[in-house]
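See below for the structure under consideration.
Note on naming: letters A, B, ... go to the chains in the order of the sequence lines (proteins, then strands), and numbering restarts at 1 for each one. Note that the coordinates shown come from a computational prediction; the quantities given were computed from them, not determined experimentally.
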There are 2 protein chains.
Amino acid sequence: MTAPDGPRRERRTIGVLARQTGCHVETIRFYERIGLLAPPPRTQGGHRVFDDSHARRLVFVRRCRELGFSLDDVRGLLGLVDTGDVTCAEVKALTVHHRDAVRHRIEDLRRMEGVLTDLVQMCAGGTAPDCAIIETLFEPHR
Amino acid sequence: MTAPDGPRRERRTIGVLARQTGCHVETIRFYERIGLLAPPPRTQGGHRVFDDSHARRLVFVRRCRELGFSLDDVRGLLGLVDTGDVTCAEVKALTVHHRDAVRHRIEDLRRMEGVLTDLVQMCAGGTAPDCAIIETLFEPHR
DNA sequence: TCTACAATCCGTAGTCGCTACAGGATCAAG
DNA sequence: CTTGATCCTGTAGCGACTACGGATTGTAGA
């Protein structure tokens, strides 16, 4: 009865991991370098060998990044997970805080979009050398 | 009858210009270094002396930045202004293109915000060590 | 006129989150 | 055993600033 390991601990090269997670190879190495991912074991020749736990962790990082969390936020979340100290309240607070920042950013962009639309509308778009957009941009704030 | 110059060509130090335009002193020097603003004349001791034309141009840059234009975009717009070759059509095209990029960015952020709000709502926020947010973030995409 | 101190000078390095090389070594298939 | 894909390390670059250190200059008050 040799241990049948199964697909639970599947080994993969960095390239395969990259394809599975949608990360670039360079990004994975970068995450390892900055301490976001633990250094995986290597082959005799020095190639990294990743297993499911690495894949899981990388997926987590990637999902967080897709949601706009900073790498520092991700580090914090992973820290909570790693120590086992994680409580819903902490995670929720971090998430709420980030969501509020995202909302704030949306508001900023909306204001920009409004002004840009105004500018576009006040511009005839012809070959005239005097452009209302340019004129307006030379005016101080608001 | 000495030329009364008037307030039209008011001279100012970099600090005063910064206060007038809302830019940091370092940013003004930075803009000069990358060729966005022309090098102003100096005092004997080497301090920069700015006049109204510099102020006008810096206001333009600042307004563009507030609207999210890249420094390269600003360079382009200023280039058009400088050559006198500026036509409404060109400026409008650049502005429309940028507005579309801003809209795109808003859509991205809105999607993030939606997911973040979902996450926040699925989390009880108590002291439980199992957190639904964390669980979800370990799941692959979507 | 002297002195104190604010403001300015320059150059370099750091921020964030990657991305793009260069110049090699290793691995798997045929 | 050769080929060619993949991997390795290290460094430099991006955008748009920001922050520093150490020196110099400008100016207002005594």
Legend entry - Listed nucleotide nearest any side-chain atom of His47(B), set dA7(C), dC10(C), dC8(D): dA7(C)
Legend entry - side-chain N/O Arg48(B) vs dT8(C) OP1/OP2, d < 4.0 Å: no
Inset, instruction - Remember a base hit wins even if backbone is also touched, and classify Tyr31(A) as base, sugar-phosphate or nothing at under 4.0 Å, heavy atoms. - result: sugar-phosphate
Legend entry - Closest-nucleotide ordering on DNA chain D, the 5'-leading residue of Arg19(A) and Gln44(B): Arg19(A)
Inset, instruction - Return no unless some side-chain N or O of Thr27(B) is found under 4.0 Å from OP1 or OP2 of dC17(D). - result: no
Legend entry - Distance below 4.0 Å between His24(A) side-chain N/O and dC18(C) OP1 or OP2: no
Inset, instruction - Consider only side-chain heavy atoms of I, L, V, M, F, W and Y, link residues closer than 4.5 Å, and tell whether Val96(A) and Ile106(A) are in one cluster. - result: no
Inset, instruction - State whether Thr43(A) places a side-chain N or O below 4.0 Å from either non-bridging phosphate oxygen (OP1 or OP2) of dT26(C). - result: no
Inset, instruction - Ignoring the backbone of Phe30(A), work out which of dC17(D), dC8(D), dT19(C) is nearest its side chain. - result: dT19(C)
Inset, instruction - Output yes when at least one side-chain N/O atom of Arg29(A) is less than 4.0 Å from OP1 or OP2 of dT9(D), else no. - result: no
Inset, instruction - For dC16(C), take OP1 and OP2 only and decide whether either is under 4.0 Å from a side-chain N or O of Ser70(A). - result: no
Inset, instruction - Ignoring backbone atoms, test whether Arg65(A) places a side-chain nitrogen or oxygen under 4.0 Å from the OP1 or OP2 oxygen of dC18(C). - result: yes
Legend entry - Residue that, paired with Phe50(B), satisfies side chain to side chain contact (heavy atoms under 4.5 Å, CB included) out of Leu37(B), Val16(B), Ile14(B): Ile14(B)
Inset, instruction - In whole angstrom, give the distance that lies between atom CD1 of Ile28(A) and atom C1' of dC8(D). - result: 14 Å
